[in-house]
Amino acid sequence: MNNENALFNMRHTASHVMSYAIKMLRPDVKMGVGPATEMGFYQDYDFGQTPLSVDDFKAIEKKMRWIVNKDFALQKREISVAEAKELFAGDPFKMALIEGIEKKGEACTLYDFVDGEGNARYTDLCAGPHVASTGQIGTFKLMKVAGAYWRGDENEPMLTRVYGGTFADADGLAAHLHMLEEAAKRDHRKLGKELDLYTTSDLIGSGLPLFTPRGTVVRDAIQDEIMKLQYAHGYRRVAIPHICKKDLYETSGHWQKYKDDLFHVHGKGDTEFVMKPMNCPHHTQIYASQMRSYRDLPIRYCEVTACYRDEQPGELLGLSRVRALTQDDGHVFCRMGQIKDEAAKIIDIARAFHTKTGMWAEGNFEVYLSVRDPEKPEKYLGDSANWDIAEQLLEEVAAEAGLKVKREEGEAAFYGPKLDFQFADAIGRKWQLTTIQLDFVMPDRFDLTYINEAGEKERPVMIHRAIAGSLERFMAVLIEHYAGAFPAWMAPVQAVLLPVGQQHDAFTDDLQKQLMTAGVRAEIDVPTETLGKRIRASQKAKVPFSIIIGDTETGGGPLTVRRYGAQKDEQMTVEELISALA
RNA sequence: GCCACCGUAGCUCAGGGGUAGAGCACAUCCAUGGUAAGGAUGGGGUCGUGGGUUCAACUCCCACCGGUGGCUCCA
């Protein structure tokens, strides 16, 4: 048995130890399932009328330690389905599991916790495997309770899921708790407040973040970078209103499926409007406003614009899941033969952008090619031959860009294949940021055409693409990636000027003007507090450069500069400082 | 939406059936200071909202609003 299996068994056994402990404290509890997880284990329970809370953990852990110290042996035995049904008659979830075993025609296995005298103290239905005795489960800790549906189905009853962690020893537990603490320190919701990047208001509503001046600098820096790269690749900016008639989505085919997730708007008349949840249908209407020639293609539109989706409150999360999200959206209308070039351009933009933001250089991303499910070709709309070509082209273009791609069969949207880039944040959560999606359907729905070389109408292919995804979510990822200490080019404040005393104010004002003229975001922290306190404040605000101005500097010496997090100062001229910030 | 927990000053939090506290932040004054918290004084809260129980509710109960964690792992 290898280490991984041993660990798995240890965790699985721990879930049974917890169940025995909970059974002692709450004899009426009904049991759901309880597997091992990456960090430990969980077990689902039905506590009936008296719910369990984290306040009960102490008592449960105490019982668990008693069970561990008794070092009960785990003994496996096999019984018939009939015997099992009799034994677990009072527990509807166990009965459901036993019926499942019966259908598969297998025998039931039990595990007994056996004491020194050979008596079974606790018995549970379980396929195993387990460690030999309860003394071997290592260091454990109950972590949290959560709701979970029986069999993961929201139509089934809600059970209480108790999570625990198991570790080889106390050091392992301490390391895990430390990791959680570190992740919590980087949480963008905490840093967003501490660094004054965004806020929310009960009067405005949940999932509707407000960006402060500091946060807006970061947003604009991201947006400007994307726009600069896109412009160089032939994209042109468009602007559209944020509401439209529902007719647009009836034509696109989104209405039936998404109307409950939209914000509906009513004006004076009977016309029904909605807040736009996406931009592609709008962009098709710009394309459709003129007769297009094959010579005009590809046509590339882009914009950074807000979309509105009525997410369920429980789905909202800081900046990561919001109800008003700002997309860096873009659409390309092109011919089949141009797909490869266009996809290559988008990959170029994504590579340049994510290299600059530091996400790409870290190499912490994966690329997925979502293609049709070969078993169910009827699920997909559009010409099958075009699908074959497009899937092939995307695969080629990714390979030529040097990307390692994971092929995901059956993950394509019904309207076309796609290439997704997933980046991992500080605590390992994966976020899809860049996406390239081909669409054979929407051009059809909106009857988009161009005139080909022979003077005939032809249907363009549409490419939907985003580089950062949504600015909100991307900011959340960046805040956590940098733990709030942004690189200078996107830092809300790039330099804080700290005059030692009031006699240095005039020099400091001049320096600020000089820096601001050079495009540096420089602020002055006036000497109403001690220098030590002001340095502390600038470091806590994670400002890239703190510049100390005293007699030495006003007397003609170089600037004294402390970089964020540095222990020592550097000497640099104004010009050197400006170029360090460029 | 569902389950659990939480909601007290701008922020982080303590408290508890008899109408409230700390630290930070803020303001004023003193200190004019050279590298991660100088000192003193002061302002600031219908204890999320609405209802109920009670002589009395910020505290207990209910509903609502908001926040956090979870709702993929199959005996």
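Each chain gets a letter, A, B and so on, in the order its sequence line appears, and its residues count up from 1.
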Can you tell me how far [atom1] in [N] sits from the matching atom in [M], rounded to whole Å?
N	M	atom1	result
B/U49	B/G42	C1'	32 Å
B/U59	B/G52	C1'	15 Å
B/G48	B/C26	P	26 Å
B/C2	B/U12	P	27 Å
B/G45	B/C11	P	14 Å
B/U41	B/A31	C1'	15 Å
B/G7	B/G43	C1'	25 Å
B/C60	B/U68	C1'	24 Å

task = For A/Leu159 and for A/Arg562, find the nucleotide of RNA chain B with the closest heavy atom, then tell me which residue's nucleotide is more 5'.
result =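 Looking at the nearest nucleotide for each, A/Leu159 comes out on the 5' side.
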
Atom [atom1] of [X] and atom [atom2] of [N]: how far apart are they, to the nearest Å?
X	N	atom1	atom2	answer
A/Leu208	B/G67	CG	P	10 Å
A/Lys30	B/C3	NZ	P	19 Å
A/Ile535	B/A36	CD1	P	6 Å
A/His504	B/U35	NE2	P	13 Å
A/Asp187	B/G67	CG	C1'	12 Å
A/Tyr45	B/A4	OH	C1'	15 Å
A/Asp505	B/G34	CG	P	16 Å
A/Lys193	B/C11	NZ	P	6 Å

Can you name the closest pair of heavy atoms from [X] and [Y] and give their distance?
X	Y	answer
A/Arg534	A/Glu529	NE-O, 3.0 Å
A/Gly207	A/Val322	O-CB, 3.4 Å
A/Arg521	A/Ala488	NH2-O, 3.7 Å
A/Gln512	A/Ile524	OE1-CD1, 3.4 Å

message = Surrounding CD of A/Glu523 (heavy atoms of other residues, nucleotides or ligands, distance under 6.0 Å), is the total greater than 12?
response = no

query = Just wondering, more than 12 heavy atoms not from A/Tyr482 lying within 6.0 Å of its OH?
reply =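 For A/Tyr482, atom OH is crowded (more than 12 foreign heavy atoms under 6.0 Å).
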
request  = Please determine if A/Lys542 forms a cation-pi arrangement with A/Tyr564, meaning its NZ or CZ atom is less than 6.0 Å from the six-membered ring centre and no more than 45° off the ring axis.
outcome  =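 Because its charged atom misses either the 6.0 Å distance or the 45° angle limit, A/Lys542 does not stack over A/Tyr564.
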
remark   = Protein heavy-atom contacts under 4.0 Å, written 5' to 3' over nucleotides 23-32 of chain B as B (base), S (sugar-phosphate only) or - (none), form the string --S-----BB

ask   = How would nucleotides 70-75 of chain B be written as a contact map, 5' to 3', with B for base contact, S for sugar-phosphate-only contact and - for no contact, using protein heavy atoms under 4.0 Å?
value = BBSSSB

Name the nucleic acid region contacted by [X], choosing base, sugar-phosphate or nothing; use a 4.0 angstrom heavy-atom cut-off, strictly under.
X	result
A/Ser538	nothing
A/Thr200	nothing
A/Asp44	nothing
A/Glu553	base

Heavy-atom distance under 4.5 Å between the side chains of [X] and [Y], does that happen here?
X	Y	result
A/Phe88	A/Leu110	yes
A/Ile535	A/Ile548	yes
A/Lys70	A/Asp115	no

message = So that I can tick it off, tell me whether A/Asp112 and A/Arg77 are bridged by a salt bridge, with the cut-off set at under 4.0 angstrom between side-chain N and carboxylate O.
response = yes

Presence of salt bridge, A/Arg321 and A/Glu472, under 4.0 angstrom =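 Salt bridge absent between A/Glu472 and A/Arg321.
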
task = Dot-bracket notation for RNA chain B is requested: 5' to 3', Watson-Crick or G-U wobble pairs only, both distances under 3.5 Å, with ( ), [ ], | and . as defined.
result = (((((((..((((....[..)))).(((((.......))))).....(((((..]....))))))))))))....

ask   = Under 4.0 Å between a side-chain N or O of A/Arg189 and OP1 or OP2 of B/G67?
value =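 A/Arg189 to B/G67 OP1/OP2: no side-chain N or O under 4.0 Å.
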
Residue A/Ser206, side-chain atoms from C-beta onward, closest of B/U35, B/C11, B/G66 =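 Out of B/U35, B/C11, B/G66, the nucleotide with an atom closest to A/Ser206's side chain is B/G66.
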
request  = Could you give me the CA-CA distance, side-chain angles and deciding distance for A/Arg309 and A/Leu325, then say whether side chain to side chain contact (heavy atoms under 4.5 Å, CB included) is met?
outcome  = CA-CA 8 Å; A/Arg309 295 175 186 174; A/Leu325 58 141; 4.3 Å; yes

